[in-house]
Colleague: 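Quick one: this structure, given as structure tokens, is what I'll be asking you about.
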Amino acid sequence: QVQLVESGGGLVQAGGSLSLSCVASGRTFSSFAMGWFRQAPGKEREFVATINWSGSITYYADFVKGRFTISRDNAKNRVYLQMNSLKPEDTAVYYCAARLFQNIAAMTNEYHYWGQGTQVTVSS
């Protein structure tokens, strides 16, 4: 089992920044890839970013390229999402997810464990 706990969400004005963090426990963190997803009210959960086991490979959804950065610290069992130039349409619950393989993935059904989510609200 893998337990994931997100933190760092909140309310920010458009153009501002937030940094999300997700801490993992239960299994060897460095052995699997991680992802961030988000879900806005009335919408399906969507992919945001993913990172492989070592942090050497990352992949982003087009709508966050150049604004968000995913990173990880295997010594601390953490994955991060730095979000800059936030827009009101970025408002959603953001979820951290773990995948029991080392390579990246962008589909929700390719992830095996999920955190409870953290709310991000961007005001205009």
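The chain is numbered in sequence order, starting from 1.
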Colleague: Which disulfide (SG to SG under 2.5 Å) pairs, counting each pair once, include a residue from residues 12-51, with sequence neighbours left out?
Modeller: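 Of all non-adjacent pairs touching residues 12-51, those that pass disulfide (SG to SG under 2.5 Å) are Cys22-Cys96.
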Colleague: Got a donor-acceptor contact below 3.5 angstrom from the Tyr60 side chain to the Gly66 backbone?
Modeller: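 The answer is no, because no donor-acceptor pair under 3.5 Å joins these two groups.
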Colleague: Using modelled atom types and a 3.5 Å cut-off, is there a donor and acceptor pairing between side-chain atoms of Asn77 and backbone atoms of Ser25?
Modeller: no
Colleague: Contact between Leu81 and Val48 at the side-chain level, heavy atoms closer than 4.5 Å - yes or no?
Modeller: yes
Colleague: Tell me every residue that passes salt bridge (charged side-chain N to carboxylate O under 4.0 Å, His left out) with Glu89, counting only those two or more places apart in sequence or in another chain.
Modeller: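 Checked Glu89 against salt bridge (charged side-chain N to carboxylate O under 4.0 Å, His left out); zero matches.
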Colleague: Consider only side-chain heavy atoms of I, L, V, M, F, W and Y, link residues closer than 4.5 Å, and tell whether Val120 and Ile70 are in one cluster.
Modeller: yes
Colleague: Tell me every residue that passes salt bridge (charged side-chain N to carboxylate O under 4.0 Å, His left out) with Lys43, counting only those two or more places apart in sequence or in another chain.
Modeller: none
Colleague: Measure across Val93 and Gly117 and return the closest heavy-atom pair with its distance rounded to 0.1 Å.
Modeller: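 Looks like CG1-CA, 3.8 Å.
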Colleague: Under 4.5 Å between side-chain heavy atoms, hopping through other hydrophobics if needed: is there a path connecting Leu100 to Met34?
Modeller: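 Same hydrophobic cluster.
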Colleague: For residues Leu20 and Val12: do they belong to one hydrophobic cluster (side chain heavy atoms under 4.5 Å, members Ile, Leu, Val, Met, Phe, Trp, Tyr)?
Modeller: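 Yes; tracing contacts between hydrophobic side chains, which count when under 4.5 Å, links both residues.
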Colleague: For Arg45, check salt bridge (charged side-chain N to carboxylate O under 4.0 Å, His left out) against everything at least two apart and list the hits.
Modeller: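 Partners of Arg45 by the salt bridge (charged side-chain N to carboxylate O under 4.0 Å, His left out) criterion come out as none, since no residue qualifies.
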Colleague: Under the ring-ring contact (aromatic ring centres under 6.0 Å, His included) rule, what pairs show up with a residue in residues 11-37, not counting sequence neighbours?
Modeller: Phe29-Phe32, Phe37-Phe47, Phe37-Tyr111, Phe37-Trp114
Colleague: Evaluate the side-chain contact (heavy atoms from CB on, under 4.5 Å) criterion for residues Ser71 and Gln82: first the C-alpha distance (whole Å), next the side-chain angles of each, then the deciding distance (0.1 Å), finally the verdict.
Modeller: CA-CA 8 Å; Ser71 61; Gln82 177 64 41; over 6 Å; no
Colleague: Residues in ring-ring contact (aromatic ring centres under 6.0 Å, His included) with Trp53, at least two apart?
Modeller: none
Colleague: Does a donor on one side chain sit under 3.5 Å from an acceptor on the other, for Thr28 and Ser30?
Modeller: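 No.
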Colleague: So, Glu6 side chain and Thr118 main chain: donor-acceptor pair closer than 3.5 Å or not?
Modeller: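 Judged by distance alone, no pair lies under 3.5 Å.
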Colleague: Considering residues at least two apart in sequence or located in another chain, which fulfil the salt bridge (charged side-chain N to carboxylate O under 4.0 Å, His left out) criterion with Arg99?
Modeller: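 Arg99 satisfies salt bridge (charged side-chain N to carboxylate O under 4.0 Å, His left out) with no residue once adjacent residues are dropped.
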Colleague: I need the full list of disulfide (SG to SG under 2.5 Å) pairs touching residues 33-76, with sequence neighbours left out, sorted by first then second residue.
Modeller: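 Not a single pair qualifies under disulfide (SG to SG under 2.5 Å).
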Colleague: Set out, in order, the CA-CA distance, both residues' side-chain angles and the distance that settles side-chain contact (heavy atoms from CB on, under 4.5 Å) for Asn74 and Arg72, then state yes or no.
Modeller: CA-CA 6 Å; Asn74 287 344; Arg72 66 189 296 161; 2.8 Å; yes
Colleague: Donor-acceptor pair, distance only, cut-off 3.5 Å: does the side chain of Arg38 make one with the backbone of Ala92?
Modeller: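 No: the side chain of Arg38 does not pair with the backbone of Ala92.
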Colleague: Got Thr108 and Glu110 here, is their nearest side-chain heavy-atom distance under 4.5 Å?
Modeller: no
Colleague: What heavy-atom pair brings Ser85 and Ser17 nearest, and what distance separates the two atoms?
Modeller: N-OG, 4.4 Å
Colleague: Could I get the full list of side-chain contact (heavy atoms from CB on, under 4.5 Å) partners for Gln1, not counting sequence neighbours?
Modeller: Gln3, Tyr113
Colleague: What pair of heavy atoms forms the shortest contact from Ala24 to Leu4, and how long is it?
Modeller: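 Where Ala24 meets Leu4 most closely, the heavy atoms are CB-CD2, 3.5 Å.
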Colleague: Identify whether Ile51 and Val5 are in the same connected component of the hydrophobic contact network (ILVMFWY, side-chain heavy atoms under 4.5 Å).
Modeller: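 Shared cluster, no.
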Colleague: Apply side-chain contact (heavy atoms from CB on, under 4.5 Å) to Ser123 and list each qualifying residue two or more places apart in sequence or on a separate chain.
Modeller: Leu11, Gln13
Colleague: Look at the side chain of Thr91 and the backbone N and O of Val122, then say whether any donor-acceptor pair between them is shorter than 3.5 Å.
Modeller: yes
Colleague: Please, which pairs that meet ring-ring contact (aromatic ring centres under 6.0 Å, His included) have at least one residue in residues 71-103, sequence neighbours excluded?
Modeller: Phe101-His112
Colleague: Disulfide (SG to SG under 2.5 Å): which pairs involve residues 30-74, sequence neighbours left out?
Modeller: none
Colleague: How many angstroms lie between atom OG1 of Thr50 and atom CE of Met107, to the nearest 0.5 angstrom?
Modeller: 12.5 Å
Colleague: Do Leu86 and Leu18 come within less than 4.5 Å of each other through their side chains, counting heavy atoms only?
Modeller: yes
Colleague: If you group Ile, Leu, Val, Met, Phe, Trp and Tyr by side-chain heavy-atom gaps below 4.5 Å, do Val79 and Ile104 land in one group?
Modeller: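 No; Ile104 is not reachable from Val79 via cluster members.
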Colleague: May I ask you to decide whether Lys87 forms a salt bridge with Asp90, counting only side-chain N to carboxylate O separations under 4.0 Å?
Modeller: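 Salt bridge: no.
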